[in-house]
Amino acid sequence: MTTITHYGLIGVLLVAICLGWYASSLSEDLNFAKKENKSLVDAVKDRDGTISALKDAASADRRATEEQLKIEQQKRARADAENKELRKALENNGCSNQRLPDDVRRILRRETEAVGSSTTDLRVSPRGTAPAM
């Protein structure tokens with residue numbers, strides 16, 4: 001019986017050693033997983049900060065675009081009102097049946113490049129028929 005008990009103790013001791021080694025291995029794996037988890041949490045925090053900064057920048061860009069659009073609409077409305085007044089003044093003028101000078105037509109069409117000379121005199125001649133060149 002001593003032999004069986006002796007072998008039983010050796011078996012129990014071997015099982016205990018194996019379980020200790022397995023527990024140690026699991027502990028190392030757990031520590032490694034904790035380190036990995038900490039690095040992932042830090043990466044997520046960094047990304048959250050980046051996402052917040054990008055959202056703030058997008059919001060600022062949107063506000064600036066809206067403000068620019070508002071300014072452009074105001075300028076367009078002002079220019080349309082001025083053009084309407086100009087057209088009304090020209091309709092009530094005796095020269096309404098005459099062809100407008102090309103430079104005036106380009107200005108009314110808001111064309112930026114002038115085909116003619118930039119020194120073209122747009123004043124009406126004393127005869128009132130054509131611009132002096």
Side-chain angles (χ1 to χ4, degrees):
M1 222 221 256
T2 10
T3 313
I4 295 177
T5 308
H6 195 54
Y7 287 123
L9 286 176
I10 292 175
V12 169
L13 184 61
L14 286 175
V15 169
I17 290 173
C18 289
L19 287 176
W21 171 80
Y22 184 66
S24 173
S25 175
L26 287 178
S27 177
E28 288 175 11
D29 289 346
L30 181 61
N31 288 336
F32 179 74
K34 284 181 180 179
K35 288 178 185 176
E36 287 281 321
N37 189 33
K38 185 177 183 321
S39 66
L40 289 174
V41 166
D42 292 342
V44 168
K45 285 180 184 177
D46 290 345
R47 287 187 182 157
D48 286 346
T50 302
I51 289 171
S52 295
L54 289 173
K55 282 182 180 178
D56 292 344
S59 178
D61 286 346
R62 186 173 38 258
R63 285 190 304 272
T65 301
E66 289 171 356
E67 184 65 28
Q68 182 65 31
L69 180 62
K70 182 179 173 183
I71 290 169
E72 287 177 9
Q73 288 172 343
Q74 290 172 348
K75 286 182 179 181
R76 195 171 295 127
R78 197 174 314 128
D80 288 344
E82 290 173 359
N83 282 342
K84 186 176 180 181
E85 287 180 34
L86 178 62
R87 289 180 194 274
K88 187 182 268 187
L90 289 174
E91 286 175 3
N92 296 332
N93 194 331
C95 66
S96 64
N97 294 331
Q98 296 177 6
R99 177 179 163 93
L100 288 174
D102 289 338
D103 289 336
V104 172
R105 291 175 49 218
R106 274 191 288 279
I107 290 170
L108 289 174
R109 291 181 187 152
R110 294 186 178 123
E111 294 175 0
T112 55
E113 276 188 40
V115 176
S117 166
S118 62
T119 60
T120 303
D121 187 7
L122 297 177
R123 292 177 287 167
V124 176
S125 68
R127 291 177 278 157
T129 56
M133 301 255 179

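Positions are given from 1, in the same order as the sequence printed here. Remember, predicted model here, so these are calculated numbers, not experimental data.
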*Find the distance between OH (Tyr7) and CG (Leu13) and round it off to the nearest 0.5 Å.*
14.5 Å

*Nearest-0.5 Å distance that lies between atom OG in Ser25 and atom CG in Leu30*: 11.0 Å

_Closest approach of Arg76 to Arg110 (non-hydrogen atoms, all atoms of both residues)_ = O-NH2, 4.5 Å

*With sequence neighbours left out, what residues match Gln68 under side-chain hydrogen bond (donor to acceptor under 3.5 Å, both in side chains)?*
Glu72

*Look at the side chain of Thr65 and the backbone N and O of Asp61, then say whether any donor-acceptor pair between them is shorter than 3.5 Å.*
yes

_Residues that Gln74 engages under side-chain hydrogen bond (donor to acceptor under 3.5 Å, both in side chains), provided they are two or more places apart_ = none

*Mind checking the CD-CD spacing from Glu85 to Glu82? Nearest 0.5 Å is all I need.*
7.0 Å

Show me the donor-acceptor pairs, under 3.5 Å and distance only, between side chains in residues 39-59 and residues at least two apart or in other chains.
from  : atom 1 : to    : atom 2 : distance (Å)
Ser39 : OG     : Glu36 : O      : 2.7
Thr50 : OG1    : Asp46 : O      : 3.0
Ser52 : OG     : Asp48 : O      : 3.0
Ser59 : OG     : Arg63 : NH1    : 2.7

*Listed partners of Glu67 passing side-chain contact (heavy atoms from CB on, under 4.5 Å), at least two apart*: Lys70, Ile71

_Sequence-distant partners of Leu108, side-chain contact (heavy atoms from CB on, under 4.5 Å), two or more places apart_ = Asn83, Leu86, Leu100, Val104

*Indicate if Trp21 and Leu14 have the same hydrophobic cluster label, given that clusters are the connected sets of ILVMFWY residues with side-chain heavy-atom separations under 4.5 angstrom.*
no

*State which residues pass side-chain hydrogen bond (donor to acceptor under 3.5 Å, both in side chains) with Asp102; sequence neighbours excluded, sorted by chain then number.*
Arg99, Arg105

